[in-house]
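Here the structure comes first, spelled out in structure tokens, and everything after it is commentary.
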Amino acid sequence: MLLLEVLIEHAALALDRPFSYVYFGKKVVQPGYRVLVIFNHRLSVAYVLSVTPTDKTVSQLEEERGFSLNEIKDVLDEEKLLNDELMMLAEEISAKYFAPRISVLQTMLPPTLKPRLSSLKSPKIAYEAFVEIVNPDETDLTPKQIEWLRLMGREKRLRKKDFRSPSILATLIEKQRVKLCYEEKMRLVLPEYREQKPKALTSEQKQAVETITSSNKKTFLLEGVTGSGKTEVYLTLSETVMAEGKTVLMLVPEIALTPIMVEYFSRRFRGRVAILHSELTPAEKYDEYRRIARGECQVVVGARSAIFAPLSNIGLLILDEEHVESYKQDTLPYYHARDVALMRAAHFDAKVVLGSATPSLESRARALKGNYEHIRLRHRINEKELPETTIIDLLNTSNLDRESVMFSLTLRQKMKETLAKGEQIVLLVNRRGYSSSVTCRSCGHALKCPHCDISLTYHKEDGMLKCHHCDHVEMMPSKCPECGSTHLSKQGFGTEKIQEEVQRLFPGVRTLRLDSDSTKVRNKIAQTLELFRNHQADIMIGTQMIAKGHDFPNVTLVGIVLADIGLTLPSYRSTERTFQLITQAVGRAGRGDKKGIAVIQTYMPTHYAVTLGASQDYETFFAKEMAMRKIQQSPPYTYLIGLTLSSKDEETVVKTVYSLAESLVKQIGDVATILGPTTPYIPILNGIHRRVILIKYKKIEAIQEAIQKLVSTLGSKSQIHVAIDVDPLDV
Ligand code: ADP
Ligand code: ZN
Ligand code: ZN
């Protein structure tokens, strides 16, 4: 009999302890396999941590332990899902982020392999049958059968489905001349990219490659202005690393940027690239995952979760646009891909390259301290000038006329000129939908999400009101639900309304829109970008998704419709975010042979995030913002942990959060600052009441134990849920 220790997911409780089961069956079961168990009267998928053979009987064991032992229902796998390195990584992530190990495993594995019941219905390996000759002896065969046998001898490998005569095949199999063999079929079909020879590097690029290759340091911050050719540096470094027989992990921050990076890498390293990102179907992801695990490719390109790719012998990990916040997962286990990259690099003694035109303050501060080696690309390729920027003060009425409240005279004029020259325009609007709120003009009632208590956004395209914080959608009513008045007014604007406005101002102009609504349909983003790149549209309107990374040579005008949307949000990062957004957006203009122009519309024309973003002056911004952070004692001068307590019952949350804050002050008040409890920006999310405590600290060792204790006490209460966010971005 085998005694198993397994991890189980539980919806209500944040359990991070193993449970014991026994197994009498004959299947092989090892740590790293998934098994089916009954837990709390429900069938669950569990993940095996340890297997110990025992001579004792069940009742002996039960007596020893003081609880009853059940038998597992079945063993699900025939091989280990995660190798030793990834298992070690899971432990490290779980420890750093105070996250249950099962949540880490679920994040690490592709959907079809997650230890979760729903995974079992998902697609598994797909096989393709081939016909293979086992014995070419022609005696006793009919001429027709001989004809086929000879044909197969010439063809060598014939797919069963291409064998047009099933009855002859059946006979040949029966007479033991041929047999069927099965091979795993890959469902992801990549376009055939033409091979591309490396470009001759500029001296700056060459210098960067040389420094990274020869330095003793392991982590590098590659700070290069927009259009300085960072991608070419990544490609050359990858080539060097692969020539040593090692593998490369290339991360981009979001799916919108994967197609182009995949193309760059596939052109350079044909047939050696695997892709992992959320646009793949579960079946495709499963195939790619297995292909990587078998060592059939040397480079993996993907978004955040690709950091868990089962590559072995990693020599280089690259995070492009390292400052982008989507590298951090905003659900359990709240990990940051940059930190995970550093953990994996340590396992393999690999190098990490963090690339950006506007590094996060954290990374730049580490480079300054010498933790990372700082490498600069100061010039745009071909010494192309940075775009010429104009800041438009929307409060100054002389900048506007009655024709449009959203497009200033200057922006319209520049758009007109750009279109007349047959060049393209990117318009940035950092909000999707049509109107950001709807209120009744008669009674003042504001239409809010029933679950989150925040304004619903009107989406004209489908006539719906949508909550941008949960997945609530409802039909746009024709009358006020409170007083019945038909005078509903829509305020604010988003991408849809801007698109409509553009079409009104410039009749006949071809527009495209790209925002997270586009992620609903698989591959829609890639298609939209492709259309724009091929100049099948004149203007692309989009959210921050279009601001970074893209290289559209024919775009000469970038318009930021409202630059300060994010500045008023209560977060210590809102200034940094706004600066980055503006810098990145401006950087999209004039990347080809023509000079670029950027027009930035704002209500805060003198705010340093706006002015320094406009001039792409990262240096001054860094100095200024670091000084602010020092005064506020915010990161990178301190570290933060956010504790969000939530419950259906408001009173329970309030009571618990106050007693928790009190006990934290008692326990770690001398080594950390306990801020709060506070009511978060969105106090009710999905019908759940939330309160937040923020812990500000300098050394994790001093508070680790207290947090750990808190996790285990609160984690086992079903009426209250605690989410621990290490290095939170939204506080
Ligand atoms: P970044 O990511 O730094 O903003 P990219 O990597 O997108 O910049 O490069 C900008 C443009 O310059 C791209 O069109 C790229 O093909 C081109 N480029 C990069 N390196 C070279 C080079 N050494 N010679 C010629 N063109 C280059
Ligand atoms: Zn009303
Ligand atoms: Zn909501």
Please determine whether the number of non-hydrogen atoms from other residues, nucleotides or ligands lying under 6.0 Å from atom [atom1] of [X] exceeds 12.
| X | atom1 | result |
| --- | --- | --- |
| K595 | NZ | yes |
| D593 | CG | no |
| K624 | NZ | no |
| K217 | NZ | yes |

Tell me, with the steps shown, if T236 and Q205 meet side chain to side chain donor-acceptor pair (under 3.5 Å). CA-CA 9 Å; T236 311; Q205 285 172 325; over 6 Å; no

Just by distance, with hydrogens left out, do [X] and [Y] show a side-chain donor and acceptor under 3.5 Å apart?
| X | Y | result |
| --- | --- | --- |
| T602 | D564 | yes |
| S228 | R378 | no |
| S437 | Q491 | yes |
| H535 | N554 | yes |
| S516 | R432 | yes |

Between [X] and [Y], does any side-chain N to carboxylate O distance fall below 4.0 Å?
| X | Y | value |
| --- | --- | --- |
| R573 | E362 | yes |
| E263 | R267 | yes |
| R504 | E500 | no |

For [Y], does its backbone N or O pair with a side-chain atom of [X] as donor and acceptor, under 3.5 Å?
| X | Y | result |
| --- | --- | --- |
| K328 | Y334 | yes |
| Y327 | L251 | yes |
| K351 | F220 | no |

For the residue pair F579 and Y618, does the interplanar ring angle fall in the parallel (under 30°), tilted (30 to 60°) or perpendicular (over 60°) class? tilted

If you look only at pairs with a residue in residues 360-417, which of them pass as a ring pair (Phe, Tyr, Trp, His ring centres under 6.0 Å), with sequence neighbours excluded? none

